[in-house]
Asker: 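The structure's right below; bear with me while I get my questions together.
Quick note: numbers below take in every heavy atom, side chains included, and nothing from hydrogens, waters or symmetry partners.
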Amino acid sequence: MTELERIRHSAAHVLATAILKIWPDAQFAAGPPVENGFYYDVELGHRISPEDFPRIEEEMKREVKANHVFERVEISRPDALAMAERGELAALSARGVASKFKLDILQNIPEGEAITLFRNGEFTDLCAGPHVMRTGNIGAFKLTHVASAYYKGDERNPQLQRIYGTAFKNKTAMDEYFAMLEEAKKRDHRKIGAEMGLYAIDSEFVGPGMPLWLPKGAVLVEELERLAKETEFAAGYVRVRTPHLAKEKMYKTSGHLPYYAESMFPPMELKEHGEGEGTERYYLKAMNCPHHHRIFAAEPKSYRDLPLRLAEYGCCYRYEQSGELFGLMRVRSLNMNDAHIYCTEAQFAEEFRAVNEMYLRYFGIFGLEKYQMRFSTHDPAKLGQKFVDEPELWRKTEDMVRQVLVGSGINFVEVPNEAAFYGPKIDVQVWSAIGREFTIATNQVDFAVPAKFGLRYRDRDNSEKVPLCIHRAPLGTHERFIGFLIEHYAGNFPLWLAPEQVRIVTLNDDPALVEYATGILKKLRGEMVRAEADFGTDPVKAKIAEAEKARVHTMLVVGPRDMEAGNVSVRLHGKGNLGAKPKDEVVAGILESIRERKG
RNA sequence: GCCGACGUAGCACAGUGGUAGUGCAAUCGAUUCGUAAUCGAUAGGUCACGGGUUCAAAUCCCGUCGUCGGCUCCA
């Protein structure tokens, strides 16, 4: 445990001490350090609100000032149990009632493991430690928010109040942290999305979690699609298009029903006329794979058709729980950068390698450096239950995947027992501005579902075989990927992505000047550059300020001096005035930067 | 879905029981200016929605919806 974690863990104990001094009947569960601080889960009749923080912090200060030693005591299991029964754990002294959560935790400590207590002043807690030497070592701390959490994270367990705080070695470090948080909030995609007019969520008329792309946001969507289409075309993909609905049979066959019905919008019941007179249920698709499988099945396949790479920016709908919705990052309608690669076992390694390369190429374009690939593998003990019973395929594909990852020098962690039912998968994890972790892209191997849909190809030896399927979405969904890009760039998109790429600003509305500027505007727009005009009479300072605020990537200022020399003055957003340059050179530079998608 | 906080003009906010306010944005007019804000005028609100208490509710109470912070979930 790092020193900072020890400080925070110790601060959690001090927090519990303070709460007990105010509310002696508080029952504590777990109080660990976490990424940016610490928390302690408490059960208490009183609802703690931020208004209570000052007096809790007051008590905490007293504890820190008293500079109590954190004393480690190793005791026997029976003694510990007796103390818990008397309510002496996570307590100042014996209480009438048992320390119930600590008792439960104690009973779950494996036999033979040492049981330790930590004391600071009057407070004693069951705790493995370690801690700082003295409460005085907690240099600076602050309570931040209160939330609720289920005991042991299980929603069948009682809800506890989780008091969050943070602690640092000294006040300077803490001030820096809060300043950094303020900066991060300015990057929040919800804030920038509104400022720049990228998207809107109309909960009243359209529905929560279903973003509307405004004109400027739609530009981002279309540029990403263009990138994906070009990249996939070059990699030998073919594009398909599928409806947003499918019959119930589709999801019964895929295995999504009934297990995942809760994550899907409730079905529509249609009265089908003719024979049978029954009702037919249609579901909005929550994923594209089944539709693509039916495309595979639509025509007989030979080994000569493989690998077959079906790509589609498919629109899916997932009924995410209301409390889970989060800006663009967690939505109910989403457009996936989806593709399914059907291949033979022999082709698998090469296909997987190519997919991986595509990921890295994209990350390069976006300058994405802080990410982690999470490789989820199976647990051999659970073959036939949690994982499809194909030990040889699991072993082989996981080895191949691992080799590709190691070979590319990629930052990845391997997580056993987290694979999908039908095969190993790789998720790419990134972090939002405010530090929340998201899966931005996914890449899964599937050796089970194609069989469920009866997919077959005729092999060279005239036998019928089931193809393997690689499911990949390197750009994730438009919603989450753009949400991420907004924060990644803080709204300052590279030229090729910028909703407004160029704004031409004239010094005044002199007709000759306007004609000169219009010529440049027409040239740019003729080349599909998103260029706008600001030819009005407002002071140039004001026009520049407006363009900067709108995060226009390139501002071309033209005045009489430029016109006479055939120049334009170039100003880049956030980078200031670069001075006058020949107009043709500037236009050519803009076109090149866009064509090459320069960062 | 659960716990908590919040919901006032497009945005940021003020308004603690007595006629709804400020700044920016918008619209109109003037300003002809060399790189982050020229001046003036106008318009804009069923104070989320529904109910209740009160002579009187943005303000107090209840419910609903939504947003936010977490938890659970995330094929």
Asker: I'd like to know if A:K100 and A:E43 make a salt bridge, using a cut-off of under 4.0 Å between side-chain N and carboxylate O.
Answerer: yes

Asker: Do side-chain atoms of A:N108 reach the backbone of A:D104 as a donor and acceptor pair under 3.5 angstrom?
Answerer: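 Pair found, side chain donor or acceptor close to backbone of A:D104.
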
Asker: What's the closest nucleotide to the A:A286 side chain, out of B:rC3, B:rG1, B:rA75?
Answerer: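 That would be B:rA75.
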
Asker: Please tell me if A:T439 has a side-chain N or O lying less than 4.0 Å from either OP1 or OP2 of B:rC74.
Answerer: no

Asker: Would you classify A:S569 as touching base, sugar-phosphate or nothing, given that sugar-phosphate means primed atoms plus P, OP1 and OP2, and contacts are heavy atoms under 4.0 Å?
Answerer: base

Asker: If you check the A:H145 side chain, which of B:rC74, B:rU32, B:rG70 turns out closest?
Answerer: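 Closest nucleotide to the A:H145 side chain: B:rG70.
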
Asker: Between the protein and nucleotides 29-31 of chain B, list the N/O to N/O atom pairs that are separated by less than 3.5 angstrom.
Answerer:
unit_1: B:rU31; atom_1: N3; unit_2: A:T537; atom_2: OG1; d: 3.1
unit_1: B:rU31; atom_1: O4; unit_2: A:T537; atom_2: OG1; d: 2.0

Asker: Could you check, using the six-membered ring where one of them is a Trp, whether A:F438 and A:F484 have ring centers closer than 6.0 angstrom?
Answerer: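 No, ring centres 6.0 Å or more apart.
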
Asker: Does A:D538 pair with A:K543 as a salt bridge, N-O distance under 4.0 Å?
Answerer: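 Salt bridge between A:D538 and A:K543, a charged N being under 4.0 Å from a carboxylate O: no.
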
Asker: List for me each residue that meets ring pair (Phe, Tyr, Trp, His ring centres under 6.0 Å) alongside A:Y371, sequence neighbours excluded, and say none if there are none.
Answerer: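 Checked A:Y371 against ring pair (Phe, Tyr, Trp, His ring centres under 6.0 Å); matches are A:F363.
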
Asker: Look at all strands and tell whether A:K543 reaches a base, only sugar-phosphate, or nothing, counting heavy atoms closer than 4.0 Å.
Answerer: nothing

Asker: Between A:H471 and A:H340, does the ring centre distance come in under 6.0 Å?
Answerer: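 Distance test on ring centres: under 6.0 Å, yes.
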
Asker: Taking the nucleotide of RNA chain B with the closest heavy atom to each, which residue, A:P208 or A:V570, is nearer the 5' end?
Answerer: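 Mapping each residue to its closest nucleotide by heavy atoms, the 5'-most match is A:V570.
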
Asker: Identify whether any heavy atom of A:V557 sits under 4.0 Å from a base atom; if not, whether one sits that close to sugar-phosphate; answer base, sugar-phosphate or nothing.
Answerer: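 It contacts base atoms.
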
Asker: Give one of base, sugar-phosphate or nothing for A:S203, where a contact means two heavy atoms less than 4.0 Å apart.
Answerer: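 It contacts sugar-phosphate atoms only.
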
Asker: Would you mind telling me which of B:rG34, B:rU67, B:rA75 lies closest to the side-chain atoms of A:Y422?
Answerer: B:rA75

Asker: Can a donor-acceptor pair under 3.5 Å be found between the side-chain atoms of A:Q159 and the base atoms of B:rC2?
Answerer: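 Donor-acceptor pair under 3.5 Å: yes.
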
Asker: Output side-chain donor-acceptor pairs under 3.5 Å for residues 498-506 of chain A, partner residues at least two apart or in another chain, one line each.
Answerer:
unit_1: A:E500; atom_1: OE1; unit_2: A:R503; atom_2: NH2; d: 3.0
unit_1: A:E500; atom_1: OE2; unit_2: A:R503; atom_2: NE; d: 2.7
unit_1: A:E500; atom_1: OE2; unit_2: A:R503; atom_2: NH2; d: 3.4
unit_1: A:Q501; atom_1: OE1; unit_2: A:R530; atom_2: N; d: 2.7
unit_1: A:Q501; atom_1: NE2; unit_2: A:L495; atom_2: O; d: 2.9
unit_1: A:T506; atom_1: OG1; unit_2: A:N508; atom_2: O; d: 3.0

Asker: Between B:rA58 and B:rC74, how far apart are the two C1' atoms, rounded to whole Å?
Answerer: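 Looking at atom C1' only, B:rA58 and B:rC74 are 39 Å apart.
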
Asker: Over all strands shown, is A:F421 touching base, sugar-phosphate only, or nothing at heavy-atom distances under 4.0 angstrom?
Answerer: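 No contact at all - A:F421 keeps every heavy atom at 4.0 Å or more from the nucleic acid.
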
Asker: Once you apply a heavy-atom cut-off of 4.0 Å, does A:D510 come out as touching a base, just sugar-phosphate, or nothing?
Answerer: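 Answer is nothing: A:D510 stays at 4.0 Å or more from every strand.
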
